[in-house]
There are 2 protein chains.
Amino acid sequence: MPRAGLNQATVVAAAAALADEIGYSAVTMGLVAERLGVRTPSLYKHIGSLAELGHGIATLAMTEAADAIRDAVSGLSGRDALDAMCRAYRDYVLKHPGRYSATTGEPATGPDDPLALAGERAIGAISAVLRGYRIPAGEMDHALRTVRSLLHGFATLQAANGFQWDADAEESFTWLIDFAHRGLTSTSPGSRS
Amino acid sequence: MPRAGLNQATVVAAAAALADEIGYSAVTMGLVAERLGVRTPSLYKHIGSLAELGHGIATLAMTEAADAIRDAVSGLSGRDALDAMCRAYRDYVLKHPGRYSATTGEPATGPDDPLALAGERAIGAISAVLRGYRIPAGEMDHALRTVRSLLHGFATLQAANGFQWDADAEESFTWLIDFAHRGLTSTSPGSRS
DNA sequence: CAAGTTTGGCTAACGCTATTAGCTTTAAGC
DNA sequence: GCTTAAAGCTAATAGCGTTAGCCAAACTTG
């Protein structure tokens, strides 16, 4: 039996690709092994368990998403950067729904967890965009969490077809970006109507 | 053997309670049966499959969340209604993280699906709040999707402990509500900074 | 109230999944 | 070239969802 030349990265990559095709919850050790031309137990020479594989997929997705944002906003600032960031994030999730859904509900085990580092990268990319807005120093964390919530929510709802997105999802997303821009510009807390 | 007096509703309720305690993905037919004092195969007299049980939990959660919002905003309008809605939604998800996570990635099979009806209830409750803002007629759907994305994103991220919510999540949430209020008030699309 | 029928529980069994144990062969190091 | 660790394999176990078929409990109907 010639060797397949696998390692942790190739197994995770194959599982991530499979997740995008058939859905994250449908990924099994057997299917991943089949795709790699190998028997199921052989995978355990490279990854500890199915849960660990899921953790790896989540880390990969978070890293890729952060890089996509970073690339998209490079050279831009202000509203242009916000627009590019939102679209890059959304496009990534729509392109890789399976691996992205691995990130929902996957807790980082500690500060040295690669998933935590990938999360930091994403935070940093969003933070760079938000720095173009006049946000008070103490409110930056709140703005970060809010924008991340908005993007994450839209992406997961659209990926899961949460509503009947009757074809004008693009228009809705443009409106969402306008909404975020308005929310970020006039930063005056406690402004009751 | 005396009968347990089960039906579809009691089984779904037990499973939902279990999901809140041990997490949605940890719910098994065996554990639900054990909680109900019954053997596993007996559950199949009331529900068709584990997938159907998940669908039922999702429907229950969506209905309860919609009702929670409806109750919270009754008698309020404008920014007060927005505030009450956001907090009611967030509180519900934090109180019932297990059953809520059943709603993520659960597609409605058709227009007559109870889950679709529950979704309509939720949409209606949010819509009632948004009607207090001067939103152009054609943009109402976009606003609905945007607000729903924001709430869903924050709730799921906090439930999954997506960031290190070092204790000031409450403050972040207040900031998020301000953000949403600003985004909804000055509705002038295409307003580039 | 008695007989029949439906309903809801049970045990037994099957297939699929993740996972472990232990063997064998490959490839790499000295 | 020999040693050795890594990477594949087969075989086996345990736990899951699910189905089949039995049997008693409760409802129906005269």
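Remember, it's a predicted structure, so these values are computed and weren't measured experimentally. Letters A, B, ... are given to chains in the order of the sequence lines, protein chains preceding strands, and every chain is numbered from 1.
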Return the value, rounded to whole Å, for the distance between atom [atom1] of [X] and atom [atom2] of [N].
| X | N | atom1 | atom2 | value |
| --- | --- | --- | --- | --- |
| Leu43(A) | dT20(C) | CG | P | 13 Å |
| Ile47(A) | dT19(C) | CD1 | P | 8 Å |
| Arg39(B) | dG9(C) | CZ | P | 13 Å |
| Asn7(B) | dA26(D) | CG | C1' | 16 Å |
| Lys45(B) | dG21(D) | NZ | P | 13 Å |

Listed once per pair and sorted, the side-chain hydrogen bond (donor to acceptor under 3.5 Å, both in side chains) pairs that draw on [range], sequence neighbours left out:
| range | answer |
| --- | --- |
| residues 23-41 of chain B | Glu21(B)-Arg35(B) |
| residues 45-60 of chain B | His55(B)-Glu106(B), His55(B)-Asp113(B) |
| residues 67-77 of chain A | Asp67(A)-Arg121(A) |

Search all heavy atoms of Tyr89(A) against all heavy atoms of Ala155(A) and return the closest pair with its distance.
CE2-CB, 4.2 Å
Shortest non-hydrogen contact from Ala15(A) to Ile57(A)?
CB-CD1, 3.7 Å
Go through residues 12-19 of chain A and report each residue with a non-hydrogen atom lying under 4.0 Å from DNA chain C, sorted by number.
none
Determine whether the aromatic ring centres of Tyr133(B) and His181(B) lie less than 6.0 Å apart.
yes
Can Arg87(B) be said to sit on top of Phe173(B)'s aromatic six-ring, NZ or CZ under 6.0 Å from centre and within 45° of the ring axis?
no
Taking a hydrophobic cluster as the set of Ile, Leu, Val, Met, Phe, Trp and Tyr residues connected by side-chain heavy atoms closer than 4.5 Å, whether directly or through intermediates, do Leu176(B) and Leu94(B) fall within one such cluster?
no
Within the structure, does a side-chain N or O atom of His46(A) lie under 4.0 Å from either OP1 or OP2 of dG8(D)?
yes
Quick one: is Ser42(B) getting a side-chain N or O under 4.0 Å of the dG8(C) phosphate, OP1 or OP2?
no
Please determine, by modelled atom types, if Arg145(B) and Ser149(B) share a side-chain donor-acceptor pair under 3.5 angstrom.
no
Show me the protein contacts with nucleotides 3-5 of chain D, counting only N or O atoms at under 3.5 Å.
none

Do any N or O atoms of the protein come closer than 3.5 Å to N or O atoms of nucleotides 13-19 of chain D, and which pairs are they?
{"from": "dG17(D)", "atom 1": "OP1", "to": "Met29(B)", "atom 2": "N", "distance (Å)": "3.0"}
{"from": "dG17(D)", "atom 1": "OP2", "to": "Met29(B)", "atom 2": "N", "distance (Å)": "3.1"}
{"from": "dT18(D)", "atom 1": "OP2", "to": "Tyr44(B)", "atom 2": "OH", "distance (Å)": "2.9"}
{"from": "dT18(D)", "atom 1": "OP2", "to": "Leu50(B)", "atom 2": "N", "distance (Å)": "2.7"}
{"from": "dT18(D)", "atom 1": "O5'", "to": "Tyr44(B)", "atom 2": "OH", "distance (Å)": "3.4"}

Is any side-chain heavy atom of Thr146(A) closer than 4.5 Å to one of Phe154(B)?
no
Cationic N near anionic O, under 4.0 Å, Arg134(B) to Glu139(B)
no
